[in-house]
Structures are given as structure tokens and as C-alpha cells.
Amino acid sequence: MTLDIFTLRDEVVGEYRDYVTSFVHVREPRLKAFVEEELSRGRLWPDAILELNPAFARGPTLAELVREGVILEETARFFGRDLRLFRHQEEAIRLAAAGRSFVVSTGTGSGKSLTYLVPIVDRAFRNGIEKPGVVGLCVYPMNALVGSQLEALTEFKKRNWPDCELRFKRYTGQDKDVEDRNETINNPPHILLTNYVMLELALVRPAERSLLQQLLRQLAVLAVDEIHVYRGRQGADV
């Protein structure tokens, strides 16, 4: 099914026009004529604008990075060996493989999450996934992002390597199950997805002290996703 964006625009404008005119009742003839003319000209809604986003430069597949020795075969298997990267993803993964820090600033839909998830997964396999401890800590500004990344990792595992022993978990205020939270603390996953509020609590609450010790034992990658500017109390928390 194809979508005609211009038809959609006309439908939206038509519905908005019907809504606006439903409560515009002008009795004076000249004013009524003026208002109707302005509405017919589209005074309250702009003309249609078509914008084209530039395509992101293409890079190698994960299988090609394996052949170069940048990442492990296990990493490519987890995400899909035929997954083709964008150029900025490739550059970030190479920087991570060299032990360097980086900032990625690209448009929506450019796959920024893979720029740190691939290095984290690769490091977990290099360290040996039989070892306990969090290898990668991902910090987000909101729980919705935590949930979306958890779903993405779950889908990669389900699609490419269902019995993979790599573990990842969410640790936020949404998780009310005491047993599940204790399991996260006592047996931390390789990848921990959290937000800055929970991270602060983990630093100060005695109950999370063992989790913090586990973090420090194997932690290799710290990812801060969606950098924002914060003010006031929220800024102080961050």
C-alpha cells in the first residue's frame, strides 16, 4: 500500500478547515466575505513543502569487519552477519575497537544505537560471557528509550542467535518486582540499560552496593544516549 503524501496533506487540511469553520459565524456581510476569502486562500495553514533528507553514506557489513579483525565473529552473528552499516557507524565501531571515546551526532533513523551496542557486545564476547559483571552501561534520559533498546536487543537475539548466553536487562523505577531486581543486583547482566535517576540511586543506596561493585569489576563501555541540555534540579541530578 502506497501513501500519497499530497493527498494526505489535503485530507488533514480539509479536516482542520471543517473544524475551524464550524465555530466561525460572521453575520456582517462584508466581514463574512473577507473571512471566507482568507480561509479559501489558506491563511490558517501553510502550503505543502516537500523536503528530501540526504541519504547516509553506506559502509561495510559486519561480516567484512570480522574479516578485518575489527569485531569478533560472535558479534556479527548476534546482530546479523549481513547487516550493512552506515559510514558513521563503521567509524564509531572502529574508534571503540581502538579504545577511544567518541560522540555521534547524526539525524533521526541513522542507527546511532548500534554505534555503542556493537562495541559493547563485542567487548562482552572478548572478555568471555561466562564472567559475571556488567560490561556495558547504557544511560538514557527517559524510560521510553530504555524500553525501545531492550526490545531491539531482544529482537536481534531472537532473530539471529536465540540460545546466545549474552544477557541484557533493564534497571529502572518501572521494575517493581523485588525478586527480579534482586536478581539483577546479585547476577548483573552483560549490558545494563538504565536512566540517570536510577544510576544516581545505585551510587547512594546500600542495597545497590553489590551492583556497583559488579559494575566496576568488568565495566568497559559507558554509553550516554540522547545528550540533552538540562536546567535546575534535573540538571543537578544529571
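- Linking Ile, Leu, Val, Met, Phe, Trp and Tyr whenever their side-chain heavy atoms come within less than 4.5 Å leaves Val104 and Leu85 in two separate clusters.
- A salt bridge is defined here as a Lys NZ or Arg NE, NH1 or NH2 lying under 4.0 Å from an Asp or Glu carboxylate O, and Glu73 with Arg81 meets this definition.
- Follow the hydrophobic side-chain contacts under 4.5 Å out from Val135 and you never reach Phe168; the two are in separate clusters.
- Taking CD1 of Ile120 as the start and CG of Leu166 as the end, the distance is 10.0 Å to the nearest 0.5 Å.
- Note that CD of Glu200 is 10.5 Å distant from CG of Asn195, once rounded to the nearest 0.5 Å.
- When side chains are defined from C-beta on, Leu44 counts as touching Val20, because their heavy atoms get closer than 4.5 Å.
- Residue Asp82 places its CG atom among 12 or fewer non-hydrogen atoms of other residues, nucleotides or ligands, all under 6.0 Å distant.
- Scored by the salt bridge (Lys or Arg N to Asp or Glu O under 4.0 Å) test, Lys112 finds no partners at all (sequence neighbours excluded).
- Within a 6.0 Å sphere centred on CZ of Arg170, other residues, nucleotides and ligands contribute more than 12 heavy atoms.
- In this structure, the salt bridge (Lys or Arg N to Asp or Glu O under 4.0 Å) partners of Arg205, at least two apart in sequence or on a different chain, are Glu208.
- Hydrophobic cluster membership differs between Tyr196 and Val103, with clusters built from Ile, Leu, Val, Met, Phe, Trp and Tyr side chains linked at under 4.5 angstrom.
- No side-chain heavy atom of Thr194 sits under 4.5 Å from any side-chain heavy atom of Tyr140.
- Annotation: side chain of Asp10 is not in contact with side chain of Thr7 (no heavy-atom distance under 4.5 Å).
- Residues in residues 153-165 take part in these side chain to side chain donor-acceptor pair (under 3.5 Å) pairs, two or more places apart or across chains: Trp161-Asp163.
- For the atom pair SG of Cys138 and CG of Leu153, the computed distance is 7.5 Å after rounding to the nearest 0.5 Å.
- Distance check: Lys32 NZ to Arg27 CZ gives 10.5 Å after rounding to the nearest 0.5 Å.
- Partners of Phe86 according to the ring-ring contact (aromatic ring centres under 6.0 Å, His included) rule, which considers only residues two or more places apart in sequence or in another chain, are Phe56, His88.
- The structure places OH of Tyr116 at 11.5 Å from CD of Gln89, a figure rounded to the nearest 0.5 Å.
- Checked options Ile191, Leu219, Val224, Val221; the residue passing with Leu137 is Leu219 (criterion: side chain to side chain contact (heavy atoms under 4.5 Å, CB included)).
- Put simply, the side chain of Arg17 does not reach to within 4.5 Å of the side chain of Leu39, judged on heavy atoms.
- No side-chain donor-acceptor contact under 3.5 Å links Asn143 to the backbone of Val146.
- We find that Arg41 and Glu37 are joined by a salt bridge, their nearest charged nitrogen and carboxylate oxygen being less than 4.0 Å apart.
- For the ring-ring contact (aromatic ring centres under 6.0 Å, His included) test, residues two or more places apart in sequence or in another chain that qualify with Tyr19 are Phe23.
- Side-chain atoms of His190 never come within 3.5 Å of backbone atoms of Gly136 as a donor-acceptor pair (strictly under, hydrogens ignored).
- A donor-acceptor contact shorter than 3.5 Å links the side chain of Asp122 to the backbone of Leu72.
- Here the closest non-hydrogen pair linking Gln149 and Leu193 is C-CD1, 4.2 Å.
- Distance check, rounded to the nearest 0.5 Å: CD of Glu90 to CG of Leu62 gives 10.5 Å.
- Cluster annotation: Phe78 and Leu114 are assigned to the same hydrophobic cluster (Ile/Leu/Val/Met/Phe/Trp/Tyr, side-chain heavy-atom contacts under 4.5 Å, transitive).
- Leu95 and Phe79 fall into different hydrophobic clusters, where Ile, Leu, Val, Met, Phe, Trp and Tyr are joined by side-chain heavy atoms under 4.5 Å apart, directly or via other members.
- Looking at heavy atoms from C-beta onward, Val139 lies out of side-chain contact with Asp225 at the 4.5 angstrom threshold.
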Kindly indicate, with the supporting measurements, whether the criterion side chain to side chain contact (heavy atoms under 4.5 Å, CB included) is fulfilled by Arg217 and Lys131. CA-CA 10 Å; Arg217 184 180 304 171; Lys131 296 180 181 178; over 6 Å; no

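- Partners of Glu64 under the side-chain contact (heavy atoms from CB on, under 4.5 Å) rule, at least two apart in sequence or in another chain, are Pro60, Thr61, Arg67, Arg84.
- Across all non-hydrogen atoms, the minimal contact from Ala220 to Arg123 is CB-NH1, 3.3 Å.
- A donor-acceptor pair is defined here as one N or O able to donate and one able to accept, closer than 3.5 Å; such a pair exists between the side chain of Glu28 and the backbone of Arg30.
- Contact annotation: the side chain of Leu65 approaches that of Arg94 to within less than 4.5 Å [non-hydrogen atoms, C-beta and beyond].
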Assess the residue pair Thr115 and Phe102 against the criterion (side chain to side chain contact (heavy atoms under 4.5 Å, CB included)); give the C-alpha distance rounded to whole Å, side-chain angles, the decisive distance to 0.1 Å, and a yes or no. CA-CA 10 Å; Thr115 63; Phe102 57 86; 4.2 Å; yes

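- Looking at Arg167 and Asn187, their side chains do bring a donor and an acceptor atom within 3.5 Å of each other.
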